[in-house]
Amino acid sequence: MWWGWLKQRDTWLFFGIALLLRGSLFGILLNQHGLHSAWYGWGAETGDTPGYFEPIDSFLAGHGYRPDFRMPGYGLPYLFFRQFTSPQGAGSGIIVLQALLGVLSVVVLARTTKILGAPRWASFTACIVYCLLGRVVVHDVYWFTESFCTSALIFGTHGWLAFQRSRSRTALVWAGAWLAWAVFLRPVQAIWLIGLVTH
């Protein structure tokens with residue numbers, strides 16, 4: 001599936017458009033919202049931010065996952081980065097990862113439209129429009145679940161559609177992993193998962 005993608009010119013065009021448009025908009029929004037000495041580095045905090053990261057720091061300190069009122073999906077990448085760096089470095093790493101997955105989600109969304117049978121012009125239209133949705137891109141500069149969850153849903157949905165088309169086990173595992181992470185980010189996304197598998 002992926003090797004075939006990489007050999008197609010449109011994939012690289014989608015990627016170039018995403019880097020140019022969404023990357024530029026991300027830079028503008030990060031400058032406006034996320035470069036103001038937040039505790040966790042380069043990014044913008046919300047009232048929920050500590051609830052995702054403090055349990056991970058507590059776990060690393062040997063005190064268990066406390067407080068445990070948040071699902072651990074958003075804390076997983078923070079835990080990964082904390083193996084190598086400070087809370088501020090980990091927070092900045094998450095923002096970079098959100099931006100990267102956001103760019104890739106544009107490419108995957110455009111490819112998904114092709115799986116659904118859309119003409120080439122419609123795939124490019126979807127690519128450009130999604131890149132310019134400020135209400136979506138702004139999530140990339142904030143420490144909360146929306147950015148990762150949106151990307152995970154796009155990746156997972158694409159994988160599920162690819163599985164329906166090819167019956168590839170790799171596509172099924174890919175879809176399951178991303179959709180499971182989406183649920184651990186925002187449990188309400190289980191409704192989307194149920195809708196996909198019962199449709």
Side-chain angles (χ1 to χ4, degrees), residues 18-19 22-109 130-131 133-159 173-193:
L19 277 178
R22 184 160 179 152
S24 298
L25 185 54
F26 168 80
I28 292 168
L29 293 170
L30 182 63
N31 183 56
Q32 290 179 344
H33 298 275
L35 295 177
H36 307 295
S37 301
W39 167 249
Y40 290 103
W42 283 6
E45 293 185 30
T46 71
D48 293 340
T49 299
Y52 296 117
F53 297 156
E54 287 177 355
I56 301 299
D57 288 324
S58 173
F59 174 77
L60 291 172
H63 306 303
Y65 186 82
R66 297 176 184 171
D68 61 355
F69 57 87
R70 295 284 180 194
M71 291 287 279
Y74 196 70
L76 287 177
Y78 180 76
L79 175 62
F80 172 79
F81 287 121
R82 283 290 280 118
Q83 306 305 308
F84 315 105
T85 186
S86 65
Q88 292 73 31
S92 298
I94 284 179
I95 296 300
V96 171
L97 184 58
Q98 288 181 169
L100 177 60
L101 290 181
V103 165
L104 293 176
S105 74
V106 172
V107 179
V108 175
L109 179 66
Y130 187 50
C131 283
L133 289 176
R135 291 177 62 94
V136 173
V137 181
V138 73
H139 294 156
D140 294 346
V141 307
Y142 277 86
W143 289 299
F144 59 7
T145 58
E146 274 76 355
S147 177
F148 281 152
C149 191
T150 302
S151 296
L153 286 174
I154 291 172
F155 297 153
T157 300
H158 172 270
V173 171
W174 171 266
W178 284 108
L179 292 171
W181 189 36
V183 171
F184 274 90
L185 286 163
R186 295 178 65 83
V188 70
Q189 301 306 329
I191 296 171
W192 180 253
L193 176 59

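Quick note: numbers below take in every heavy atom, side chains included, and nothing from hydrogens, waters or symmetry partners. Please read all numbers here as calculations on a predicted model, not as lab measurements.
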Minimal non-hydrogen separation, [X] against [Y], with atom names:
| X | Y | result |
| --- | --- | --- |
| Phe59 | Leu79 | CD2-CD1, 4.4 Å |
| Gly91 | Trp143 | O-NE1, 2.9 Å |
| Leu185 | Tyr74 | CD2-N, 3.5 Å |
| Ala175 | Gly159 | CB-C, 3.6 Å |
| Tyr65 | Arg70 | OH-O, 3.1 Å |
| Ser105 | Phe155 | CA-CE2, 3.5 Å |

When rounded to the nearest 0.5 angstrom, what distance separates [atom1] in [X] from [atom2] in [Y]?
| X | Y | atom1 | atom2 | value |
| --- | --- | --- | --- | --- |
| Gln83 | Tyr78 | CD | OH | 11.0 Å |
| Leu76 | Trp181 | CG | CH2 | 8.0 Å |
| Glu45 | Phe53 | CD | CZ | 9.0 Å |
| Leu19 | Phe26 | CG | CZ | 12.0 Å |
| Ile95 | Leu100 | CD1 | CG | 13.0 Å |
| Thr46 | Phe144 | OG1 | CZ | 6.5 Å |

Side chain proximity check, Pro55 to Pro72, heavy atoms < 4.5 angstrom: no
Taking side chain as C-beta onward, heavy atoms only, is Thr157 less than 4.5 Å from Trp192?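 A side-chain contact exists here, since the closest heavy-atom pair is under 4.5 Å.
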Whether Thr85 side chain and Phe81 backbone form a donor-acceptor pair below 3.5 Å: no
Mark yes or no for whether Ser92, through its side chain, and Gln88, through its backbone, hold a donor-acceptor pair below 3.5 Å. yes
Determine whether Leu101 and Leu97 satisfy the following criterion, side chain to side chain contact (heavy atoms under 4.5 Å, CB included), listing intermediate values before the conclusion. CA-CA 6 Å; Leu101 290 181; Leu97 184 58; 4.2 Å; yes
Apply the test side chain to side chain contact (heavy atoms under 4.5 Å, CB included) to residues Phe148 and Ile94: give CA-CA distance (whole Å), side-chain angles for both, the deciding distance (0.1 Å), then the verdict. CA-CA 10 Å; Phe148 281 152; Ile94 284 179; 4.0 Å; yes
Can a side-chain donor-acceptor contact be found between Trp178 and Ser151 if the only test is distance below 3.5 angstrom?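 Judged by distance alone, the side chains do not pair up.
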Give me each pair satisfying salt bridge (Lys or Arg N to Asp or Glu O under 4.0 Å) with a member in residues 138-155, each pair once, sequence neighbours excluded.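 Listed by first then second residue: Arg22-Asp140, Glu146-Arg186.
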